[in-house]
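In this chain, numbering begins with 1 at the start of the sequence shown.
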Amino acid sequence: MEILYCVPSGHLGLAIWILNECYAEGGNQVAVTLTPGTQGVLQIYLNGQQLYNKQAEHEAPPTPSRVQQMRQMIREKLRSASEDERVAV
């Protein structure tokens, strides 16, 4: 999983919240990359698939229900993977 966040806009707190939610879902089976950016960016990707884009959603921050949807996608990805295999999500 990759989280791109805008440093000047102060999105680090949102990025860390989302990271914590992802870790709570998958523990050490989830690899999350935080990538600093600019120009108001806040985007979340799961295996290259965009799950969230702040600009596409009228500049609205992710809601708790939206983060729950992301957790569900992680859960499904982990369920389909082998228990012995580390999954890069």
Side-chain angles (χ1 to χ4, degrees):
M1 173 168 254
E2 182 178 16
I3 302 171
L4 287 87
Y5 67 96
C6 180
V7 175
S9 296
H11 294 327
L12 178 60
L14 285 171
I16 291 173
W17 169 55
I18 294 165
L19 179 141
N20 284 332
E21 290 291 320
C22 296
Y23 185 76
E25 190 60 51
N28 65 359
Q29 294 180 320
V30 176
V32 180
T33 302
L34 290 176
T35 305
T38 59
Q39 299 180 352
V41 68
L42 183 59
Q43 299 174 355
I44 301 163
Y45 294 88
L46 177 63
N47 288 349
Q49 176 188 1
Q50 190 174 70
L51 302 181
Y52 173 82
N53 181 341
K54 183 174 163 270
Q55 291 176 336
E57 299 198 21
H58 309 290
E59 302 297 325
T63 62
S65 64
R66 186 61 185 274
V67 174
Q68 287 299 322
Q69 290 174 345
M70 292 179 225
R71 285 184 68 158
Q72 176 64 32
M73 295 179 84
I74 292 168
R75 190 175 318 125
E76 291 169 5
K77 177 71 174 170
L78 292 173
R79 199 175 302 141
S80 68
S82 166
E83 290 184 13
D84 297 332
E85 187 178 351
R86 185 178 181 103
V87 178
V89 291

Using 0.5 Å steps for rounding, measure from the [atom1] atom of [X] to the [atom2] atom of [Y].
X: M70; Y: I44; atom1: CE; atom2: CD1; answer: 3.5 Å
X: L34; Y: L12; atom1: CG; atom2: CG; answer: 7.0 Å
X: Y45; Y: T33; atom1: OH; atom2: OG1; answer: 13.0 Å
X: Q55; Y: Q43; atom1: CD; atom2: CD; answer: 6.5 Å
X: L19; Y: L14; atom1: CG; atom2: CG; answer: 12.5 Å

Heavy atoms only: give me the nearest [X]-[Y] pair and the separation to one decimal.
X: G40; Y: H11; result: O-NE2, 3.6 Å
X: V32; Y: C22; result: CG2-CB, 4.2 Å
X: Y5; Y: L42; result: CB-CD1, 4.0 Å
X: P8; Y: G37; result: CD-O, 3.7 Å

Return a table of donor-acceptor pairs under 3.5 angstrom between the side chains of residues 60-67 and protein atoms on other chains or two or more places apart.
residue : atom : partner : partner atom : Å
T63     : OG1  : S65     : OG           : 3.1
T63     : OG1  : R66     : N            : 3.1
R66     : NE   : Q69     : OE1          : 3.4
R66     : NH1  : E57     : OE1          : 3.0
R66     : NH1  : E57     : OE2          : 2.5
R66     : NH2  : L51     : O            : 2.3
R66     : NH2  : E57     : OE2          : 3.2

Inset, instruction - Using side-chain contact (heavy atoms from CB on, under 4.5 Å) as the criterion, list what pairs up with E25, not counting sequence neighbours. - result: R71, I74, R75

Legend entry - Partner residues of N20 under the side-chain contact (heavy atoms from CB on, under 4.5 Å) criterion, sequence neighbours left out: I16

Legend entry - Under 3.5 Å side-chain donor-acceptor pair for E76 and Q72: yes

Legend entry - Pair V30-Y23, side chain to side chain contact (heavy atoms under 4.5 Å, CB included): steps then yes or no: CA-CA 6 Å; V30 176; Y23 185 76; 5.7 Å; no

